[in-house]
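These numbers were taken from a predicted model, which means no experiment stands behind them.
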Amino acid sequence: MSEDTTNEEEFNLPISPDSDGGEAEETITRVTGMFRDWFLDYASYVILERAVPAIEDGFKPVQRRIMHSMKELDDGRYNKVANIVGHTMQYHPHGDASIGDAMVQIGQKDLLIDTQGNWGNIYTGDSAAASRYIEARLSKFALDVVFNPKITRWQASYDGRKKEPINLPVMFPLLLAQGGEGIAVGLSTKILPHNFNELIDASIKHLQGKKFQILPDFPTGGLMDATQYNDGLRGGKIRSRALINQIDKSTLVISEIPYGTNTTSLIESILKANEKGKIKIKKIEDNTAAEVEILIQLPSGISPDKTIDALYAFTSCETSISPLGCVIEDNKPFFVGVSEMLRRSTDRTVQLLKIELEFQLNELEEQWHFASLERIFIEKRIYRDIEEEETWEGVIAAIDRGLQPHIKHLKRGITEEDIVRLTEIRIKRISKFDIDKAQQKIDALEDSIAQIMHHLQHLIEYAIDYFKRLRKDYGAGRDRKTEIRIFDDIEATKVVIRNTKLFVNRVEGFIGTSMRRDEYVADCSDIDDIIVFTEDGKMMVTKVSDKTFVGKGIIYVAVWKKKDKRTIYNLIYKDGSKGATYVKRFAVTSITRDREYDLTAGSNGSKILYFTANPNGEAEVVTILLRQSGSIKKLKWDLDFADILVKGRDSKGNIVTKYPIKRIELKEKGLSTLKPRKIWFDDTVQRLNVDARGELLGEFTSDDRLLIIKQNGMVKTAIPEMSMHFDDDMIVLEKWDAQKPITVIYWEGEKELFYVKRFLIDNPERDEIVITDHPKSYLEKVFTDYRPVAEIIFVKERGKDRKENIELNLEEFISIKGITAMGNQLTKEKVLEINAKESLPFTPPEPTPAEELEVVDEEELDNGEAGTKQDESPSKSNNPPDDSPPLMDEEGQITLF
């Protein structure tokens with residue numbers, strides 16, 4: 001090796017002693033050049049020859065060699081995979097295992113290879129049988145779009161014995177249809193699979209000059225959020241979820257799984273989350289065969305909706321996939337988005353179609369040329385001119401002289417090869433030559449040439465027709481499997497199972513999950529945040545742990561929920577040892593974890609005299625009792641927290657009194673001062689929200705419920721929770737009015753007639769099926785108005801006039817009956833259609849107006865600076881009862897409610 005004169009660090013080979021104990025002669029071999037050159041050669045080889053697919057045909061080298069070998073072996077029958085692998089080794093300089101694995105991956109994608117035998121299961125992760133037991137052949141689609149030897153460029157195989165294609169003339173965006181993944185040296189690629197028909201539609205739109213968008217479609221189905229797909233470029237992200245449905249109150253079923261997972265890994269992740277206490281399940285069963293079916297049994301008292309969210313949050317039921325579009329172009333890695341891949345593939349398909357048409361045109365013109373020469377040669381009896389010739393050159397010259405007067409209409413000149421072909425015509429063919437049939441053949445060739453010329457002149461239209469033919473021939477049964485949705489973000493703290501217990505030592509100021517000898521507070525999870533208030537007016541939020549010091553004199557500790565605008569804290573504190581007493585109400589919606597917040601005015605010696613936490617914004621009435629001091633005349637009055645505005649936690653508050661307080665007593669428990677929540681339903685993500693997204697369902701108090709009716713006839717009510725899931729067959733979702741009847745028209749399968757029933761829901765906790773259990777029974781129409789009207793359109797009977805449509809007042813047609821009643825028969829006539837008409841006017845009874853309470857907007861609760869201006873006037877007072885329980889005694893000991 002020549003000496004390396006670069007400035008790179010030199011590595012010397014070690015010096016070993018010689019056999020007789022002496023030191024061998026010192027030699028230095030510089031290997032820096034080896035490292036640089038050999039590593040780059042290896043990296044380039046792995047990138048170009050193994051891991052990354054080519055943009056031209058979408059194949060990695062091993063895949064291309066497999067397809068070429070299968071084409072060479074193709075006779076329409078199945079071949080042993082072991083035989084195909086052995087044949088491919090003529091072209092692929094690696095072991096049979098890599099070829100077999102690559103072939104199984106192609107076969108499982110169900111596009112290019114027609115398989116027979118056990119090829120594994122993409123749902124369960126089961127591997128394929130040994131290659132000697134399974135068989136394969138090229139699919140009709142592969143034979144149609146992948147191969148054309150006439151327009152294929154060839155190169156020598158690795159040992160020079162065979163010819164293999166440089167690229168196959170694939171006339172379809174195959175790389176996007178199958179997807180591709182590979183890890184090379186310092187480089188990787190991850191191209192997700194897309195839907196067959198959608199790729200064809202996008203190619204057609206590109207050829208038409210229209211915009212298009214393509215999104216992944218996974219063979220395992222499931223749900224997908226592609227809002228951050230970023231066209232498959234680096235930095236993009238796909239969220240893939242399993243399809244989970246609720247069978248009943250204690251059973252969930254997973255029927256589709258995320259891309260990149262299988263039922264085995266999915267179940268393992270669920271069991272692991274259950275062991276860690278993130279979720280609670282009773283039993284899990286894997287019934288997967290041709291379709292995925294994983295049954296999850298829940299313990300009693302566990303919410304199915306929260307469990308579904310928890311499965312997404314803590315298990316592989318939701319996965320995040322990061323695409324990275326990298327292909328080989330001109331023997332170099334090229335980073336490109338999927339839209340540009342499709343454009344290039346479509347444009348290449350157009351060019352290949354053009355080359356193919358030009359080859360066909362050339363072949364047709366050659367056939368026309370020789371057919372014309374043959375007719376002249378036989379019809380003009382030129383073969384007789386060679387009878388007197390004695391040499392081969394004389395024969396060629398005689399035929400050439402005989403043809404010259406008749407070849408002016410030919411499209412090219414006559415070559416010696418043409419004359420040689422004429423001499424090879426047999427006497428039998430000359431004797432049976434039919435001029436009319438010969439002319440018909442020439443006319444047919446001219447028609448074909450004209451058609452090819454038309455295709456070349458209208459190449460884009462021809463390419464569009466080509467893609468339409470592919471969709472017609474091969475698109476059946478290739479509908480989208482993955483449902484596109486926009487996912488809502490799941491807050492883990494809201495769905496995690498509370499798997500541990502929280503304890504507190506109020507005097508010493510410790511909280512934690514390991515302090516089992518101290519006071520029990522509540523159940524919590526290991527990812528919860530804990531909010532703590534101390535008697536000196538300090539507040540802190542900290543992560544739950546085994547044991548944490550938060551400050552002595554703890555008066556309140558609980559699990560804290562981020563952005564909780566409904567929990568209102570009522571507080572009375574004394575500002576310093578000699579200052580005034582203030583009252584304030586506030587919410588804690590956002591904090592900096594482990595930071596200590598001062599809820600008082602900040603004076604030394606400040607102390608909380610009264611404190612309550614109210615999950616629904618309750619405002620109680622308390623009695624203030626002052627110490628006898630000087631000439632104070634009013635020593636006792638009532639304070640109603642409903643009169644205090646909810647402000648920011650940093651507000652100083654309103655003055656209660658400037659005099660010393662003896663004690664504070666609870667006079668009356670309070671009602672919620674928060675207005676009913678407005679709840680919307682976002683059909684895009686199929687979830688409830690309070691952020692004004694989607695359709696407004698109404699204003700809900702803690703007692704209000706939702707009415708849910710499904711297509712299968714199930715009617716139920718539920719308390720609205722943001723974690724609720726809704727099935728695709730839901731047809732009614734609205735605020736439930738217990739006094740408003742529900743009217744349904746359904747087809748009774750056994751009697752084969754339509755029935756009508758009106759009912760009220762007697763038991764809101766129970767799910768009811770309001771149609772009969774006959775398998776042919778189905779729900780036709782549902783009305784939730786007070787006075788619904790239905791239009792009945794009858795079938796026209798043969799030989800009779802169509803019966804006039806009728807409008808039926810369903811309120812008068814049937815009275816309100818029990819929910820399990822069968823109802824009344826609608827009509828005996830054959831019904832073509834039932835339509836809902838505008839309901840009759842009805843004025844519902846007005847509800848008893850609730851006292852209008854003054855509240856602040858939710859936005860103000862997020863503003864820590866809101867309400868810093870104090871009201872210096874004392875709050876309203878009333879006479880307190882004499883038997884009110886004390887909240888604070890003479891020594892200042894606080895009693896909490």
Query raised in the report: Tyr259 vs Phe218 aromatic rings, parallel, tilted or perpendicular, using cut-offs 30° and 60°?
Result: parallel
Query - Test log, rule side-chain hydrogen bond (donor to acceptor under 3.5 Å, both in side chains), inputs Thr288 and Asp286 - result: CA-CA 6 Å; Thr288 302; Asp286 186 6; 2.6 Å; yes
Query raised in the report: What pair of heavy atoms forms the shortest contact from Leu753 to Thr827, and how long is it?
Result: CD2-O, 3.8 Å
Report task. Inspect the surroundings of NZ in Lys710 and state if more than 12 heavy atoms from other residues, nucleotides or ligands are less than 6.0 Å away. Result -> yes
Query raised in the report: Sequence neighbours excluded, which residues qualify as salt bridge (charged side-chain N to carboxylate O under 4.0 Å, His left out) partners of Asp144?
Result: Arg469
**Report entry** Contact check, side chains of Leu252 and Asn245, non-hydrogen atoms, under 4.5 Å
**Finding:** no
Query raised in the report: For the residue pair Lys828 and Gln825, what are the closest heavy atoms and their distance?
Result: CG-NE2, 2.7 Å
Query raised in the report: Do Arg485 and Glu483 pass the salt bridge (charged side-chain N to carboxylate O under 4.0 Å, His left out) test, and can you show the C-alpha distance, the side-chain angles, and the key distance before you say yes or no?
Result: CA-CA 6 Å; Arg485 285 190 184 176; Glu483 183 179 349; 2.9 Å; yes
Query raised in the report: Taking the side chain from Gln108 and the backbone from Gln105, do they hold a donor-acceptor pair closer than 3.5 Å?
Result: no
Query - Close side-chain approach of Trp680 to Glu695, heavy-atom, < 4.5 Å - result: no
Report task. For the pair Glu768 and Arg766, find out whether any cationic side-chain nitrogen is under 4.0 Å from an anionic carboxylate oxygen. Result -> yes
Query raised in the report: Cationic tip of Lys735 within the cone over Phe700's six-membered ring, i.e. under 6.0 Å and within 45° of the normal?
Result: yes
Report task. Answer yes or no: are there more than 12 heavy-atom neighbours, outside Lys561 itself, under 6.0 Å from its atom NZ? Result -> no
Requested in this report: Any chance you could lay out the side-chain hydrogen bond (donor to acceptor under 3.5 Å, both in side chains) test for Ser839 and Arg787, step after step, and finish with the verdict?
Outcome: CA-CA 6 Å; Ser839 299; Arg787 304 180 65 192; over 6 Å; no
Query raised in the report: Is any NZ, NE, NH1 or NH2 atom of the basic residue among Lys237 and Asp225 found under 4.0 Å from an Asp or Glu carboxylate oxygen of the other?
Result: no
Query raised in the report: Within a reach of under 6.0 Å around CG of Asp248, are more than 12 heavy atoms found that belong to other residues, nucleotides or ligands?
Result: yes
Query raised in the report: Is the shortest heavy-atom distance from the side chain of Phe172 to the side chain of Phe196 under 4.5 Å?
Result: yes
Report task. Identify whether NZ of Lys or CZ of Arg in Lys757 sits under 6.0 Å from the centre of the six-membered ring of Phe759 and within 45° of that ring's axis. Result -> yes
**Report entry** Heavy atoms of other groups near Asp801 CG, more than 12 under 6.0 Å
**Finding:** no
Query raised in the report: Mind checking whether Asp704 and Pro720 have side chains closer than 4.5 Å, heavy atoms only?
Result: no
Requested in this report: Mind listing the closest non-hydrogen atom pair of Ile321 and Ser240 along with its distance?
Outcome: CD1-CB, 4.1 Å
Requested in this report: Considering non-hydrogen atoms only, spot the tightest contact between Ser777 and Gly749 and give its length.
Outcome: OG-N, 2.9 Å
**Report entry** Between CD1 on residue Ile792 and CD1 on residue Ile806, distance to nearest 0.5 Å
**Finding:** 5.5 Å
**Report entry** Glu721 (side chain) donor-acceptor with Met724 (main chain) under 3.5 angstrom
**Finding:** no
Query raised in the report: Which is it for Asp729 and Gln711 under the side-chain hydrogen bond (donor to acceptor under 3.5 Å, both in side chains) test, yes or no, and what are the steps along the way?
Result: CA-CA 5 Å; Asp729 62 345; Gln711 187 63 56; over 6 Å; no
Query raised in the report: Heavy atoms, side chains only, cut-off 4.5 Å: are Val789 and Leu808 in contact?
Result: no
Query raised in the report: With no hydrogens and no angle check, is any side-chain donor or acceptor of Asn274 less than 3.5 Å from a backbone partner on Lys276?
Result: no
Query raised in the report: Can you check whether Thr784 reaches Asp737 side chain to side chain, under 4.5 Å on heavy atoms?
Result: no
**Report entry** Any donor-acceptor pair under 3.5 Å from Thr307 side chain to Ser303 backbone
**Finding:** yes
Query raised in the report: Should the heavy atoms of other residues, nucleotides or ligands under 6.0 Å from OH of Tyr78 be counted, would the total exceed 12?
Result: yes
Report summary line: Of all heavy-atom pairs linking Gln178 and Pro193, the shortest is O-CB, 3.8 Å
Requested in this report: Using the ring of Phe794 (Phe, Tyr or Trp, six-membered ring only), decide whether Lys803 places NZ or CZ under 6.0 Å from its centre and within 45 degrees of its axis.
Outcome: yes
Query raised in the report: Taking the side chain as C-beta and beyond, is there a heavy-atom pair between Val795 and Val831 under 4.5 Å?
Result: no
Report summary line: Distance col, row Ile281:CD1 vs Leu311:CG, nearest 0.5 angstrom, shows 8.0 Å
Requested in this report: Mark yes or no for whether Asn262, through its side chain, and Thr264, through its backbone, hold a donor-acceptor pair below 3.5 Å.
Outcome: yes
Query raised in the report: Cation over ring, Arg687 on Phe681, under 6.0 Å and within 45°?
Result: no
Query raised in the report: Would one find more than 12 heavy atoms of other residues, nucleotides or ligands at under 6.0 Å from atom NZ of Lys678?
Result: no
**Report entry** Arg478 side chain vs Tyr474 backbone, donor-acceptor pair below 3.5 Å
**Finding:** yes
**Report entry** Under 3.5 Å side-chain donor-acceptor pair for Ser320 and Arg239
**Finding:** no
Report task. Could you tell me which non-hydrogen atom of Pro216 sits nearest to which non-hydrogen atom of Leu192, and how far apart they are? Result -> CG-CD1, 3.8 Å
Report task. Spell out, as yes or no, whether a donor-acceptor pair under 3.5 Å connects the side chain of Thr251 to the backbone of Ile247. Result -> no
Query raised in the report: Do Thr319 side-chain atoms and Ser316 backbone N/O form a donor-acceptor pair below 3.5 Å?
Result: no
Report task. Kindly indicate whether the side chain of Tyr755, heavy atoms from C-beta on, has any atom under 4.5 Å from the side chain of Asn824. Result -> no
Query raised in the report: Passes salt bridge (charged side-chain N to carboxylate O under 4.0 Å, His left out), Lys740 versus Glu734? Steps please.
Result: CA-CA 12 Å; Lys740 188 167 63 171; Glu734 62 182 45; 3.8 Å; yes
Requested in this report: Report yes or no: does Gln297 contribute a side-chain atom to a donor-acceptor pair with the main-chain N or O of Lys283 at less than 3.5 Å?
Outcome: no
Query raised in the report: Does a side-chain N-to-carboxylate-O contact under 4.0 Å join Asp217 and Arg480?
Result: yes
Query - Donor-acceptor pair, side chain of Glu285 and main chain of Ile294, under 3.5 angstrom - result: no
